[in-house]
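Structure first, then comments.
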Amino acid sequence: IMSRKFFVGGNWKLNGDKKSLGELIQTMNGAKVDPNVEVVCGAPSIYLDFVRSKLDAKFGVAAQNCYKVPKGAFTGEISPAMIKDCGVNWVILGHSERRHVFGESDELIGQKTAHALESGLGVIACIGEKLDEREGGITEKVVFAQTKVIADNVKDWSKVVLAYEPVWAIGTGKTASPQQAQEVHEKLRDWLKTNVSEAVANSVRIIYGGSVTGGTSKELGSQKDVDGFLVGGASLKPEFIDIINAKV
């Protein structure tokens, strides 16, 4: 089995200004971080240029969303071409807030994924079930359906990181137990083996998101099929460094 490089994404969401993000960037640039971890920070689109110019080149930067075409009459949207023009190489797509707050459909997220990958961006593709879906026993059905739409739009899996984020654990302080996370990650890997290929199943990084903190990251990160994290609130604090170094 090939080893998968641990991946830690920070999703800053709708937070920060030049002052506070500048301070966070200084902290990150000066920190001792595990060189075996790939780190990518998801900045608000208006700060992508600012963040990319200040953040050490060893850290990646991601947009938090993008549209499915290169340019046109789509007021308020940004395209992969624009993201790349700012020196940024990643985009987060299908985050539960895009799905459930802004009403993005599986189909739209699939189209965005295809276009972002065709444009040469790496994609952090998010999937996850809501509380009533977990309680109703349909977690697998929901995450497999979401994964299928993403998979149908991927030609090159080396540019994709799959982020499993149980919606009931995002920003709630509830974290899936390491066992719950591992169980879903393992089932997702089996799904990829059956529906894509064994090689992809073994190589693709499946990361966990949902109230990850410095305190929970070590045990979560030690699970066999958990290849990293997508971190929300804690990615704006110095403890983000502890999360990056969870495997040390």
Inset, instruction - Search all heavy atoms of Ser96 against all heavy atoms of Ile170 and return the closest pair with its distance. - result: OG-CD1, 3.2 Å
Inset, instruction - Begin from the C-alpha positions of Asp227 and Arg189 and carry the test salt bridge (charged side-chain N to carboxylate O under 4.0 Å, His left out) through to its verdict. - result: CA-CA 11 Å; Asp227 303 312; Arg189 213 175 289 288; 2.6 Å; yes
Inset, instruction - Output the distance between atom CG (Leu93) and atom CD (Gln64), rounded to the nearest 0.5 Å. - result: 11.5 Å
Legend entry - Least distance between heavy atoms, Cys66 atom then Pro80 atom: SG-CG, 3.9 Å
Legend entry - Joint cluster assignment, Leu188 & Ile207, ILVMFWY side-chain distance < 4.5 Å: no
Legend entry - Rounded distance [0.5 Å steps], OG1 in Thr147 versus CG in Asn195: 9.5 Å
Inset, instruction - Measure the acute angle between the ring planes of His185 and Tyr208, then classify it against the limits of 30° and 60° as parallel, tilted or perpendicular. - result: tilted
Legend entry - Joint hydrophobic cluster, Val204 plus Ile150, side-chain heavy atoms closer than 4.5 Å: yes
Inset, instruction - Specify whether Phe6 and Phe229 have parallel, tilted or perpendicular ring planes, treating 30° as the upper limit for parallel and 60° as the lower limit for perpendicular. - result: perpendicular
Legend entry - Validation row: His95, Cys126 side chains within 4.5 angstrom (heavy atoms): yes
Inset, instruction - Ignoring hydrogens and angles, tell me if any N or O in the side chain of Glu77 forms a donor-acceptor pair with the backbone of Phe74 under 3.5 Å. - result: no
Legend entry - Presence of salt bridge, Asp106 and Lys148, under 4.0 angstrom: no
Inset, instruction - Please name the pair of heavy atoms, one in Ser211 and one in Gly173, separated by the smallest distance, quoted to 0.1 Å. - result: OG-N, 3.1 Å
Inset, instruction - Kindly indicate whether the side chain of Asn153, heavy atoms from C-beta on, has any atom under 4.5 Å from the side chain of Leu117. - result: no
Legend entry - For Arg99 against Ile127, the heavy-atom pair lying closest together: NH2-CG2, 4.2 Å
Legend entry - Validation row, ring centre Phe240 to ring centre Trp12 under 6.0 Å: no
Legend entry - Side-chain donor-acceptor pair present, Asn65, Lys112, cut-off under 3.5 Å: yes
Legend entry - Side-chain touch Trp157/Val196, heavy atoms, less than 4.5 angstrom: yes
Inset, instruction - Group every Ile, Leu, Val, Met, Phe, Trp and Tyr by side-chain heavy-atom contacts under 4.5 Å, then state whether Leu108 and Ile124 land in the same group. - result: no
Legend entry - Atom pair OG (Ser79) and NE2 (His115), whose distance is rounded to the nearest 0.5 Å: 6.0 Å
Legend entry - Flag side-chain contact, heavy atom, 4.5 Å: Phe144 against Lys187: yes
Legend entry - Check: Met28 and Cys41 side chains under 4.5 Å, non-hydrogen atoms: yes
Legend entry - Atom NZ of Lys54 with >12 non-hydrogen neighbours under 6.0 angstrom: no
Legend entry - Sub-4.5 Å side-chain heavy-atom contact between Leu230 and Glu165: yes
Inset, instruction - Would you check if the side chain of Thr113 reaches a backbone N or O of Ile109 as a donor-acceptor pair within less than 3.5 Å? - result: yes
Inset, instruction - Salt-bridge test for Asp56 and Lys58: reply yes if a basic N is under 4.0 Å from a carboxylate O, no otherwise. - result: yes
Legend entry - Asp17 side chain to Ser20 backbone, donor-acceptor under 3.5 Å: yes
Legend entry - Atom pair CH2 (Trp168) and CD (Glu129), whose distance is rounded to the nearest 0.5 Å: 6.5 Å
Legend entry - NZ/Lys174: more than 12 non-hydrogen atoms of other groups inside 6.0 Å: no
Inset, instruction - Could you walk me through whether Val40 and Phe7 pass side-chain contact (heavy atoms from CB on, under 4.5 Å), step by step? - result: CA-CA 8 Å; Val40 174; Phe7 185 102; 3.6 Å; yes
Legend entry - Distance-minimising heavy-atom pair for Ser217 and Val212: CB-CG1, 4.1 Å
Inset, instruction - Could you walk me through whether Val143 and Tyr164 pass side-chain contact (heavy atoms from CB on, under 4.5 Å), step by step? - result: CA-CA 8 Å; Val143 297; Tyr164 168 61; 4.0 Å; yes
Legend entry - Lys141, NZ atom: more than 12 neighbouring heavy atoms under 6.0 Å: no
Inset, instruction - Please tell me if the side chains of Arg52 and Leu48 come closer than 4.5 Å, counting only heavy atoms from C-beta onward. - result: no
Inset, instruction - Give the intermediate values and the outcome of side-chain contact (heavy atoms from CB on, under 4.5 Å) for residues Val33 and Ile241. - result: CA-CA 7 Å; Val33 294; Ile241 306 300; 4.3 Å; yes
Legend entry - Closest approach of Ser235 to Gly10 (non-hydrogen atoms, all atoms of both residues): CB-CA, 3.5 Å
Legend entry - Any donor-acceptor pair under 3.5 Å from Gln182 side chain to Gln179 backbone: no
Inset, instruction - Mind checking the CG-CG spacing from Asp49 to Asp85? Nearest 0.5 Å is all I need. - result: 8.0 Å
Legend entry - Co-membership, hydrophobic cluster, residues Val149 and Val154, 4.5 Å side-chain: no
Legend entry - Main-chain N/O of Gly215 paired with Thr213 side-chain donor or acceptor, under 3.5 Å: yes
Legend entry - Arg98 and Glu104: CA distance, side-chain angles, deciding distance, salt bridge (charged side-chain N to carboxylate O under 4.0 Å, His left out) verdict: CA-CA 6 Å; Arg98 296 306 319 171; Glu104 292 190 12; 3.0 Å; yes
Inset, instruction - Rounded to the nearest 0.5 Å, what's the gap from CD1 on Ile243 to NZ on Lys218? Could you check? - result: 11.0 Å
Legend entry - Cluster check Leu236, Ile25: I/L/V/M/F/W/Y, side chain < 4.5 angstrom: yes
Legend entry - Co-members of Ile138 in a cluster of I, L, V, M, F, W and Y side chains, linked at under 4.5 Å: Val142
Legend entry - Residues Glu38, Lys5: salt bridge by 4.0 Å N-O rule: no
Legend entry - Whether Ser197 side chain and Lys193 backbone form a donor-acceptor pair below 3.5 Å: no
Legend entry - Neighbour count above 12 (heavy atom, 6.0 Å) for Lys18 NZ: no
Inset, instruction - Flag the pair Glu186 and Lys224 as a salt bridge only when some basic side-chain nitrogen lies within less than 4.0 angstrom of an acidic carboxylate oxygen. - result: no
Inset, instruction - Report yes if the side chains of Leu121 and Lys159 come closer than 4.5 Å at any heavy-atom pair, otherwise no. - result: no
Inset, instruction - Please step through side-chain contact (heavy atoms from CB on, under 4.5 Å) for the pair Val61 and Leu55, ending with a clear verdict. - result: CA-CA 8 Å; Val61 178; Leu55 193 63; 3.8 Å; yes
